[in-house]
Amino acid sequence: MENATSTEAGQKFQDNKKTVARESGEREDTSYVDDWVGHKKEFSRSSSIGNPNRKRRHDALKRYFASESRSRSRERRRCSSRERSKDRSRRRRRSNTRSTREKCCHIDPEHQHEEILPVYHYKAELMQAVCENRVVVCKGETGSGKTTQFPQYLRDEFDPPGLVGVTQPRRVAAVSVATRVAEERHVKLGEEVGYQIRFEDCTGPQTRIKFVTDGCLVRECLADPLLIKYSFIMLDEAHERSVNTDLLFGLVKRALSMRLDLKLVVTSATLDVKAFAEYFDKCPVKEIPVRTHPVSVYHSKTKVIMTRTGPSSSAYVQSLVDVVIKIHRTQDEGHILAFLTGQDEIDKACSLLTAQAADLGASQGEAGMDLLVLPLYGSLSGEQQLRAFHPVGPGTRKCIVATNIAETSVTVPGVRYVVDSGFVKQKTYNPARRMESLVVVPISRVAAEQRAGRAGRTGPGQCYRLYSRECLEGMMPETVPEICRCNLANVLLYLKVLGVPDVVDFDYFEAPSKDQLAEALLMLHSLGALDDSGQVTPLGQSMARLPLDPALSRAILQAVEEGCLREVLTIAAMLSVENIWFSRKPKPARDKLDRPPERDKEAERAHARFMHPRGDHVTYLMVFAAWEARAFDEQWAKDAFLSLRALKNARNIRQQLEQEVRRATGLTAFSSAKDMEAICRALTAGFFNNAGTRCGAEATTVYKHMEGYMSNEDLKLIYVHPSSALAMNNARKSPLCVIYHELVYTSRPFMRHVLGVERSWLVECRARSGKASLSQLSLGGLQETKERDSRTSTADATEGSKAGIATPRKEKTDQGAVAAARARFLARKEACTGRLKMSV
DNA sequence: TTGTGGTGT
């Protein structure tokens, strides 16, 4: 039904093409009224012209500018021009060799000069706010200059004794912003201005401004909970709400209460700055408005292809294709950015678009343009990704079909048209089942706005939404933050180590559900990281030092006992990276679009050589050892159809783990296993809670879930993932007992990364871990509820996990807490709703 | 019998 509607609408588009007016932007808009409900919208307020405070501000600015230029010239004198040019060439050389720098070219390509950045007009106001308050929340869109200028202002105005630390959610951002700021200040990167990301510390004793990924700063807290090194912390891009940023809210707030000489700046791009201010004791909110270009937003009027729980059909791919073609045929030049949810969808849309554009012929497009269709998603190689950013000739229009990587991570220059499917693929975690699933869910209203804003970066733009305005109103105001949909074991262990005894009552910016907390505490206890009273054990202290999930840390520490540290380190590193198996996916022919693409037999044969009958962990060890034996030869890896990126990543992680293990255990020489048994025993110590026993016949891949620290009655049968070594033909005899790394739900509950183990080891581990009292563990914050233990919900695993977070109504597990969290969340948004409604 | 959004230590 809905399929038919959207195809019909698409057809109507095609038929209407000749009636579309071409004169002016305004007139053109009205021609869409039949299909689209449109309106013009400024994505932010215009700048401060005519402001009564202008004179005062101007005077203040003059003073600041004078003082700034004095300090600049001091800086310049310090650094003679000859040295500067040497620095520049050094920097250039460095940037050519560093992989993280490769991506920087498409992060904010337009290097605006400081003087024209909006933040400049607000310097005096901002500095005054910082002067008078310990915490300031600053709202500013991308392009306001806050990230590059604010830290410099803090440094220059206050000349603090400690560091100005600026967090970024992504590594590329940390590196590129640091590079930019160092350039502006004419200093060598790594001296006055530096950055720190995993595997790379580019700071020195003279460093005063330090850009750092939020994950890195969380780690730093372990050694320095009060952040003594810092005078200012700036939590940038707080609206992205990564687990680490959320965690830092609490940690910095705690540090602020104990240190009077620390100040905090929180910056965010969303409407939700009020909630941040509320959390930090009603601190002031400053706004840096950005003059962006207006974006006309059109909603689909007839198509209702979105339900509250997700897409009701996959028709949106076809309708997205129709809209793109329509834009290409009727609209002026400017690139098109289309949002879909995943690789398959994107590849499919790209084939359809390429074929249709070819049929159309260049002559039919507006001004006779060609359409160059390019995919953009995370698992593409760097080179393939860069194609989306390469400039094209004047006769070509690019259409980039992207995942939400283009929503926050990267900016494609020259985009004037955005087509938004309204969906995103999101990982959700079900703590009651300890199972994660990747589900397609509707985006939030903030995300919808973010996507639309992508059309107004270089000039006036248009955004076509494949959903109605009613759908928009039914969306969540904001994306459910990550901290509410992930496993918390790691987070809670950090908090405990940092001296937060009561992790249930911790002052979270957004409190996780009780189920999440209970699950994580019980898991930490079962691994021996917490004792019966919820205190961190020495073992837990060591585990927290490793940058891994607790189960893997536990396995590594057990490997020390079992004498197989080298092997288990390798396995841990291999389990920490993305898929290592690489296969060419043949492009589906046009007429075969709805059939699955053929499997790559050659790659499969190459992989089969590595598959070990014992299971995946041993297989990974073999793969890495084989690569190591060939001196990490890149060609060998390519020939074996292995992902070079994943392998290199694993090698880096392995190196880092080695260092950390050295520090955590004081070991200098690492043991090496004599047999496979020791390795499997060590892994069992970390993963005995994730275990299954075989059902029936020897060759079956069906297992029954074994009871762990939580009863899991909903989840009876679990399956070996077909990509596992244990699912391959060479594994004739399936092991009686297995442990698995993770449980993912797609069409069934699948175990990923599976290893055969002995039942006696499982029994032994279970006995060692003992039984915990949840109320004791949580210092009375959580109770063993009858519902949790005897929860025998009628739903099968399918429904429950599919529903997950996407369908709040169906979340049966501790409804109270989730409902309460949601209510708080919605209440907080209430204040902003009026503005939201006006703006959409 | 599968196939995976994006981050990060």
Side-chain angles (χ1 to χ4, degrees), chain A residues 167-174 196-201 212-222 237 240-248 339-347 376-380 402-410 421 423-428 436-441 443 447 479 481-482 485-486 490-491 493-494 544-549 552-553 572-573 576-579 581-583 585 596-600 603-604 643 646 649 652-653 656-657 659-660 699-702 719-724 726-729 742 744-752:
Chain A
T167 67
Q168 292 292 314
R170 275 171 297 280
R171 299 162 44 143
V172 272
Q196 188 183 357
I197 59 176
R198 190 182 193 180
F199 306 130
E200 220 179 323
D201 183 357
V212 60
T213 47
D214 49 17
C216 254
L217 194 63
V218 169
R219 286 253 136 216
E220 233 180 272
C221 284
L222 279 182
E237 314 284 351
E240 288 195 29
R241 304 291 307 277
S242 76
V243 186
N244 288 324
T245 308
D246 260 35
L247 191 52
L248 283 170
F339 286 99
L340 281 174
T341 67
Q343 183 177 339
D344 270 357
E345 263 177 28
I346 289 174
D347 287 344
L376 179 61
Y377 44 81
S379 54
L380 286 175
T403 59
N404 53 337
I405 192 173
E407 197 179 297
T408 47
S409 307
V410 296
S421 65
F423 295 114
V424 68
K425 206 173 263 186
Q426 202 172 59
K427 203 175 246 179
T428 63
E436 56 184 26
S437 43
L438 208 50
V439 280
V440 173
V441 296
I443 57 172
T479 311
E482 206 186 348
R485 50 184 172 87
C486 71
N490 231 341
V491 171
L493 183 58
Y494 285 160
R545 299 191 66 162
L546 296 174
L548 292 170
D549 277 336
L552 270 179
S553 307
S576 303
V577 299
E578 72 267 28
N579 192 9
W581 310 114
F582 176 81
S583 68
K585 221 183 208 174
E598 266 184 60
R599 287 193 275 180
D600 191 335
E604 248 171 45
S643 159
N649 213 350
N652 274 335
I653 292 175
Q656 189 194 20
L657 291 178
Q659 279 174 17
E660 296 292 340
T700 187
T701 56
V702 188
Y719 301 80
V720 173
H721 195 279
S723 66
S724 165
L726 289 184
M728 300 288 155
N729 292 333
E742 60 183 0
V744 293
Y745 180 84
T746 48
S747 60
R748 289 173 173 181
F750 282 111
M751 297 180 275
R752 285 193 61 204

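Below, read A as the first sequence line, B as the second, and so on, with proteins coming before strands; counting in each chain starts at 1. Bear in mind the structure is a predicted one, so any value in this text is a computation, not a measurement.
A/Phe339 comes within 4.0 angstrom of nothing in the nucleic acid, heavy atoms only. Counting any heavy atom pair closer than 4.0 Å across all strands shown, A/Glu482 reaches a base atom. Nucleic acid contact for A/Arg170: sugar-phosphate only, since backbone atoms but no base atoms lie under 4.0 Å from a heavy atom of the residue.
Counting only heavy atoms from C-beta outward, the side chains of A/Val491 and A/Tyr494 never approach each other to under 4.5 Å. Contact check for A/Ser643 versus A/Asn579: no side-chain heavy atoms found under the 4.5 Å cut-off.
If you find the closest nucleotide of DNA chain B to A/Thr213 and to A/Phe750, the one lying nearer the 5' end belongs to A/Phe750. The 5' end of DNA chain B is approached more closely, in terms of each residue's nearest nucleotide, by A/Tyr377 than by the other of A/Cys216 and A/Tyr377.
Atom CZ of A/Arg219 is separated from atom P of B/dT9 by 10 Å (rounded to the nearest Å). For the pair A/Lys427 NZ and B/dT7 P, the computed distance is 12 Å after rounding to whole Å. When rounded to the nearest whole Å, the span between CE of A/Met751 and C1' of B/dT2 equals 14 Å. The CD1 atom of A/Ile346 sits 17 Å away from the P atom of B/dG3 (whole-angstrom rounding). Distance A/Gln168 CD to B/dT9 P: 12 Å, rounded to the nearest Å. The distance between atom CD1 of A/Ile405 and atom P of B/dG8, rounded to the nearest whole Å, is 10 Å. With rounding to whole Å, A/Asn244 atom CG is found 6 Å from B/dG8 atom C1'. Rounded to whole Å, the distance from CG on A/Asn652 to P on B/dG8 is 14 Å.
Between A/Gln343 and B/dG5, a side-chain N or O to OP1/OP2 separation shorter than 4.0 Å is present. Checking the phosphate oxygens (OP1, OP2) of B/dT1, no side-chain nitrogen or oxygen of A/Ser723 falls inside 4.0 Å. OP1 or OP2 of B/dT9 lies within a sub-4.0 Å distance of a side-chain N or O belonging to A/Arg171.
Between A/Arg171 and A/Glu200 there is no salt bridge, since no side-chain nitrogen of the basic residue lies less than 4.0 Å from a carboxylate oxygen of the acidic one.
In the set B/dG5, B/dT2, B/dT9, B/dT9 carries the atom at the smallest distance from any side-chain atom of A/Gln656. Distance from the side chain of A/Thr403 is smallest to B/dG5 among B/dG3, B/dG5, B/dT9.
Evaluation of the side chain to side chain contact (heavy atoms under 4.5 Å, CB included) rule for A/Ser723 yields A/His721 as partners, not counting sequence neighbours. In this structure A/Asn652 satisfies the side chain to side chain contact (heavy atoms under 4.5 Å, CB included) test together with A/Phe199, A/Gln655, sequence neighbours excluded.
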